Undergrad: 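My questions will all concern the structure given below.
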Amino acid sequence: MTKSDVPEEKTDVHVSLIGGTRLEGAAVHERTLTVSLVGGANIDLTDVDIPDGSELRITKLSLIGGVSLRVRPEVRVQVKGIRLGGVSDSGPTEPGGPVVVVNAYGLLGGVSVRRD
């Protein structure tokens with residue numbers, strides 16, 4: 001397999017000193033990084049078609065600010081990272097289906113998952 005045969009992964013980078021980031025639909029690619037001193041990330045993936053077995057990765061770095069994530073009911077969400085704040089998610093935990101991995105690093109701010 002040559003380098004040209006490997007599909008290129010896109011990484012979106014969003015930076016703000018103060019204030020949050022709002023992402024939805026086509027603004028989210030396979031890898032997304034949001035960075036802020038103070039401010040959360042509001043991410044809506046309900047219009048994104050994530051094929052079964054594939055994975056989206058979202059990384060959030062901030063001193064203060066959490067992640068508010070909207071996904072479809074069948075999407076599994078895995079939360080990793082270090083932060084002072086909890087995780088609110090009542091979604092599926094069984095293997096299979098699409099997966100969104102949220103890596104959240106910060107002092108204050110949890111991860112909230114809403115399913116629509």
Side-chain angles (χ1 to χ4, degrees):
M1 181 180 281
T2 65
K3 185 175 181 178
S4 62
D5 293 335
V6 178
E8 184 178 328
E9 290 182 353
K10 295 181 181 181
T11 300
D12 292 324
V13 179
H14 302 272
V15 178
S16 71
L17 294 178
I18 298 176
T21 303
R22 181 172 178 81
L23 303 171
E24 56 188 50
V28 180
H29 291 100
E30 294 88 6
R31 307 286 182 258
T32 300
L33 170 65
T34 66
V35 180
S36 64
L37 289 177
V38 177
N42 187 347
I43 302 169
D44 184 351
L45 300 177
T46 54
D47 292 336
V48 177
D49 183 24
I50 308 169
D52 281 354
S54 66
E55 177 179 287
L56 291 180
R57 289 191 172 272
I58 299 168
T59 302
K60 172 70 170 107
L61 306 172
S62 64
L63 290 177
I64 300 172
V67 177
S68 176
L69 178 66
R70 286 180 62 197
V71 295
R72 288 186 275 182
E74 72 275 6
V75 175
R76 285 188 307 129
V77 177
Q78 298 174 352
V79 179
K80 302 174 181 179
I82 300 171
R83 73 217 159 275
L84 295 177
V87 176
S88 172
D89 181 15
S90 60
T93 57
E94 297 298 316
V99 178
V100 174
V101 177
V102 178
N103 295 299
Y105 300 94
L107 292 179
L108 295 174
V111 177
S112 172
V113 179
R114 191 171 111 198
R115 297 175 185 281
D116 294 333

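All residue numbers refer to positions in the sequence shown, counting from 1. Here the structure is a predicted model, which is why all the values come from computation and not from measurement.
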Undergrad: Could you state the interatomic distance from OG1 (Thr32) to CD1 (Ile43), rounded to the nearest 0.5 Å?
TA: 7.0 Å
Undergrad: What's the spacing between Glu55 CD and Arg76 CZ if we round to 0.5 Å?
TA: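 Output value for this atom pair is 9.0 Å.
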Undergrad: Considering all heavy atoms of both residues, which atom of Ser62 and which atom of Gly39 are nearest to each other, and what is their separation?
TA: CB-O, 4.1 Å
Undergrad: Would you mind reporting whether Ile58 and Val67 have side-chain heavy atoms less than 4.5 Å apart?
TA: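 Not touching, per the 4.5 Å side-chain cut-off.
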Undergrad: Indicate if Leu84 and Val38 have the same hydrophobic cluster label, given that clusters are the connected sets of ILVMFWY residues with side-chain heavy-atom separations under 4.5 angstrom.
TA: yes
Undergrad: Going through the checks in order, is the side chain to side chain contact (heavy atoms under 4.5 Å, CB included) test met by Val75 and Leu45?
TA: CA-CA 10 Å; Val75 175; Leu45 300 177; over 6 Å; no
Undergrad: NE2/His14 to OG1/Thr34 distance, rounded to the nearest 0.5 angstrom?
TA: 8.0 Å
Undergrad: Tell me the closest heavy-atom pair linking Pro98 and Pro51, and the distance in Å.
TA: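 Answer, listing the atom of Pro98 first, then Pro51: CB-O, 3.7 Å.
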Undergrad: Out of curiosity, does Leu63 fall in the hydrophobic cluster containing Val13 (side-chain heavy atoms, cut-off under 4.5 Å, transitive links)?
TA: no
Undergrad: Can you list everything that forms a side-chain hydrogen bond (donor to acceptor under 3.5 Å, both in side chains) with Arg115? Sequence neighbours excluded, please.
TA: Asp89
Undergrad: Does Ile18 belong to the same Ile/Leu/Val/Met/Phe/Trp/Tyr cluster as Val15, with side-chain heavy atoms less than 4.5 Å apart forming each link?
TA: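 The answer is no; the residues belong to distinct hydrophobic clusters.
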Undergrad: Are Leu69 and Leu23 connected in the hydrophobic side-chain network, where two residues link if heavy atoms are under 4.5 Å apart?
TA: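 Yes, Leu69 connects to Leu23 through the hydrophobic network.
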Undergrad: Going from OG1 on Thr21 to CG on Asp12, what distance comes out if it is rounded to the nearest 0.5 angstrom?
TA: 11.5 Å
Undergrad: Considering all heavy atoms of both residues, which atom of Asp49 and which atom of Arg72 are nearest to each other, and what is their separation?
TA: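 Reported closest heavy-atom pair: CA-NH2, 3.2 Å.
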Undergrad: So Ile50 and Val100, do their side chains get closer than 4.5 Å, heavy atoms only?
TA: yes
Undergrad: What are the two closest non-hydrogen atoms of Gly19 and Ser36, and how far apart are they?
TA: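 It is O-CB, 4.0 Å.
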Undergrad: Nearest heavy-atom pair of Pro73 and Asp116: which atoms, and what distance?
TA: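 What the structure gives for the nearest pair is CD-O, 3.2 Å.
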Undergrad: Test of understanding: with side chain to side chain contact (heavy atoms under 4.5 Å, CB included), list the residues that count as partners of Asp44, not counting sequence neighbours.
TA: Glu24, Thr46, Arg70
Undergrad: Once rounded to the nearest 0.5 Å, what's the spacing between atom CZ of Arg22 and atom OG of Ser68?
TA: 9.0 Å
Undergrad: The criterion is side chain to side chain contact (heavy atoms under 4.5 Å, CB included); which residues satisfy it with Asn103, sequence neighbours excluded?
TA: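 Expected list: Arg57, Thr59, Lys80, Val101, Tyr105.
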Undergrad: When clusters are formed by joining ILVMFWY residues with side-chain heavy atoms under 4.5 Å apart, either directly or through shared neighbours, do Leu107 and Leu37 land in the same one?
TA: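 Linked within one cluster.
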